[in-house]
Amino acid sequence: CALHVICCNAGQFFSSGHTNNWAVLVCTSRFWFNYRHVANTLSVYRSVKRLGIPDSHIVLMLADDMACNHRNPKPATVFSHKNMELNVYGDDVEVDYRGYEVTVENFLRVLTGRLPPSTPRSKRLLSDDRSNILIYLTGHGGNGFLKFQDSEEISNVELADAFEQMWQKRRYNELLFIIDTCQGASMYERFYSPNIMALASSQVGEDSLSHQPDLAIGVHLMDRYTFYMLEFLEDIHPASKTNMNDLFKVCPKSQCVSTPGHRTDLFLRDPGSVLITDFFGSVRKVELTMDAINLTDPIKQMEENPVNGEEQKEVYSYADQLPVSEIIHQKPKQKDWHPPDGFILGLWTLILLVFFKTYGIKHLKHIF
Amino acid sequence: MGLLSDPNRRRALISMLTRLNAPICVVCYFAGVAWFMGLAFEPFTLRTYMSENAMGSTMVEERFPAGERALATGREFAAHKKKVGGMPVDWLVKNMQDRGLEVFTQSFSRTLPFPDENKERYIVKGTNVYGILRAPRAPRTEALVLSAPCSPGDSNNQAVGLLLGLAQYFRNQIYWAKDIIFLVNEHDLIGMQAWLEGYHHTNTTGMSWSPLQGRGGSIQAALSLELSSDVITSLDLVLEGLNGQLPNLDLANLFYAFCQKIGVLCTIQGKLQRNDWDSVSGYSHAVQTMMLMVMKQASGRPWGDHGLFLRYHIEAATIKGVNSFRQYKTDATTIGRLLEGMYRKLNNLLERLHQSYFFYLMPSLSHFVSIGYYMPAFGLLAVILLLRALDLWVQLNTPPSTTEDGVADIDQVRHTLLSVLTPLVISHLTGVALYALPIRFQETAVEHFPVSETEAVVLTAIAIYTAGLALPHNTHRYYIMSAVPDVRGWRVLKLIAVLYLAVLLGCTALINFSLGFILALTLVPLAAFVTPHVPKVLSAFILVILSPACTLLFSVFFFQELQEMPVSFQDGWLLYLSVISQGILDHSLYGSLVYPLIALLVYPCWLLFWNILFWK
């Protein structure tokens, strides 16, 4: 009987399937007037740290330094609200990728783990197949791309391929992808790897708007979606049981002006059973029990085989790395037939025309 | 295969060209003028908007408190200025040092080529005083400039006072990312020229100045302040600079945005904005504003101390405080706040202002016309010259009715070339004389005639100009001609002259659209119609009326009309003489190009047409 209870609790204990949490928080814009993107990222960083993910498991990428910008009238601070109660820069911020190090290449290398051996641990995403990863991106974006540093872009296809690489290398158990840019929903359209849930602040064709202008500092302090998400997260504590459906409801159109979107079709579990702390916190599950458990079988010592001249050889083989079809029960996608490329068609037509013009149509019969 | 290579079609095209040439030219001329007048019509203009992302909106909090103290400082400055009888250098240096700036001075001296009667100076010696507010945390790579002129008498005391007040306030803030240079320049433009030359290590005008001891970094923007009263009713923005160069439109947009935020009445060309664009008076108001800007730009002189910054690619404007008889007055604190807001926004700049237009016309402070919209007006006028050139080319290529044999042809060609080259050379020599002789011979003129040096220079210029009118009668003596009359000669000369004029006006319009357009308005019709066969006396009269000198005379009267200060003929003539002397002075003092352009290029071109009229 007790065993059954334990089994039920154990079932709940292991329902999420992850054992560690990671977070990759990226702000892609530079320049003083993009203060709000840094404030966005630092607010999420703050919540994530508060809920338990340590700095060693957070990769924070900030493209510009707002706290120490010469134009900041309150040096060494980044505020998220104009009442200036909360300095999200704090005194224990650890920025892993700073300034010009925030590039598309570095971001993709962090995700896929293909970093040079000299990279320090703080700059690596050392996740394994039981890690839940939170990825948060903010900056300026468009339909299908996100702008990095005013000089390059990452496309939604590249991002989807990076996630697929992560899946094939078993670098995540489940992934939550949040993006707060204009037309953010376009970034998650192309995902095709399993176990990804995505949220965006606006649909394709819509702009994400900023929330707070601060006249003393002279810039907008925060974006609407992240502002309301931060408000929502401030109510979460490590033991709270709020689930993802509540996160989907954050910032409706009346507050955000844009329509936030989400995507859950690649995710195996029902969003209602996914806790916020599964991604935003690092909850160590501790179960206290007052019952003694008998280990039924005594522990037997294994006999060591005496070393003889002949060594027993066993043939080992790799387990199937990609049992995708076992894990995902999806119908194979039908490849649409595309007509041959217009350019190739035109080129061959041109070649044929030139040929027949030169040699005359009467030679046709010699060919066929 | 095509329109131009098929001889039948070509003949038809050419005959159409020659038949319709005059009507098309007339239509183009009136279309060009109509297009230009239509530019001020509000539906054809665009509203101004901030293009620079870094400057964004007017989202700052202005907190400048010390307007009254600034006015008191201004009164102190006035007292010291009167005591010293010029620029109170020591008082300024001490005052700026007390406010925490790094203060330096620069002395300069210049002997003008002839005395300037407007400002009553001949040998100019002065000192500029400037203080640098170093950015607290930034490297010293960029700077902003705020300047106020030290004018004789009672002018601009409040400007210097406000400058010092702002300096003290700015010194207490920590958010400056660029150095701010507070400059008080003596002898307005001459002092500014000396300072800029010293700052940028150039010496283009032959002034002697002491090198600058302290420097700030590359200057991103500059504002010059002119304030002569304790309270004002409106702020006027002056944009036109040297050679008709204009600052980036974003600077004007920034000014306008802050005027609207703070609620100060702002004008451009001294004229308020009106909302009734669809009424006749509203439209004529916009036309007047635009024409004032065109006139000021065409004159090529800097209309404020900011005008000299533009040459160094520094966006600059002058803000003038105007105190008229309106009821609502704005005090110095509000002006200080407006300037504070503008400087905070300029502080946010990451690179030079380049996002908005550099070539534009403003019929009002909130509307503008960009170069893409106003250039077709000039293009239509230039097309007339090209059509005329084509017509002449066709006439030159049709075989003449009297046939010549081959030997006489070569001689004919040589005589044609020579008879064309002679007027060209002589016209340009006259132009060189007009450019160089007035200043060179002012002493001899003063010895022989009872006039002052300035009058001597101006009258010598007019004399040489008029002497050029007598040339065609004299140059014919120097022709090495055979007895065969040259029927084609004037056509070749006219073709060359028309193309020369087209290129000249085109290049001028690109740099200074207003000057190019005004010259085109008068020179293109005369270039189009003049031939040796038109009635001589009437055409001579029309040619003189349309010559550059008379255009200048009419422009002076027109400009005074636009400013609602019409002058009588006597005063107008004196004004005209002073305008000529100012033009010559501007050229030697600041490098203005209007006088050399007119003397060396436009006047010889006009003389060529005069020669064609009197062709024998």
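As the structure is a computational prediction, the values presented were derived from the model and not from experiment. Reminder, nothing fancy here: chain letters follow the sequence lines and each chain counts from 1.
Of the atoms belonging to B:A54, heavy atoms from both backbone and side chain fall under 4.5 Å from chain A.
B:L246 places none of its side-chain heavy atoms less than 4.5 Å from the side chain of B:L310.
Side-chain atoms of A:T259 and A:E206 form a donor-acceptor pair, as typed in the model, at a separation below 3.5 Å.
Remark: A:E234 engages A:R46 in a salt bridge (Lys or Arg N to Asp or Glu O under 4.0 Å) (not counting sequence neighbours). The ring-ring contact (aromatic ring centres under 6.0 Å, His included) search around A:F177 returns A:F163, A:F191, not counting sequence neighbours. Residues satisfying the disulfide bond (SG atoms under 2.5 Å apart) criterion with A:C182, sequence neighbours excluded, are absent altogether.
Partner A:T138 forms a side chain to side chain donor-acceptor pair (under 3.5 Å) with one of A:N40, A:D180, A:T181, A:T41 and no other, that one being A:N40.
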Extract the chain A to chain B donor-acceptor pairs under 3.5 Å, no hydrogen or angle test applied.
unit_1	atom_1	unit_2	atom_2	d
A:N69	O	B:R137	NH1	3.1
A:H70	O	B:R137	NH2	3.0
A:H70	ND1	B:R137	O	3.3
A:R71	NE	B:N347	O	2.8
A:R71	NH2	B:N347	O	3.3
A:R71	NH2	B:L349	O	2.9
A:N72	O	B:R137	NH2	2.7
A:L215	O	B:E61	N	3.1
A:A216	O	B:R344	NH1	3.2
A:A216	O	B:R344	NH2	3.2

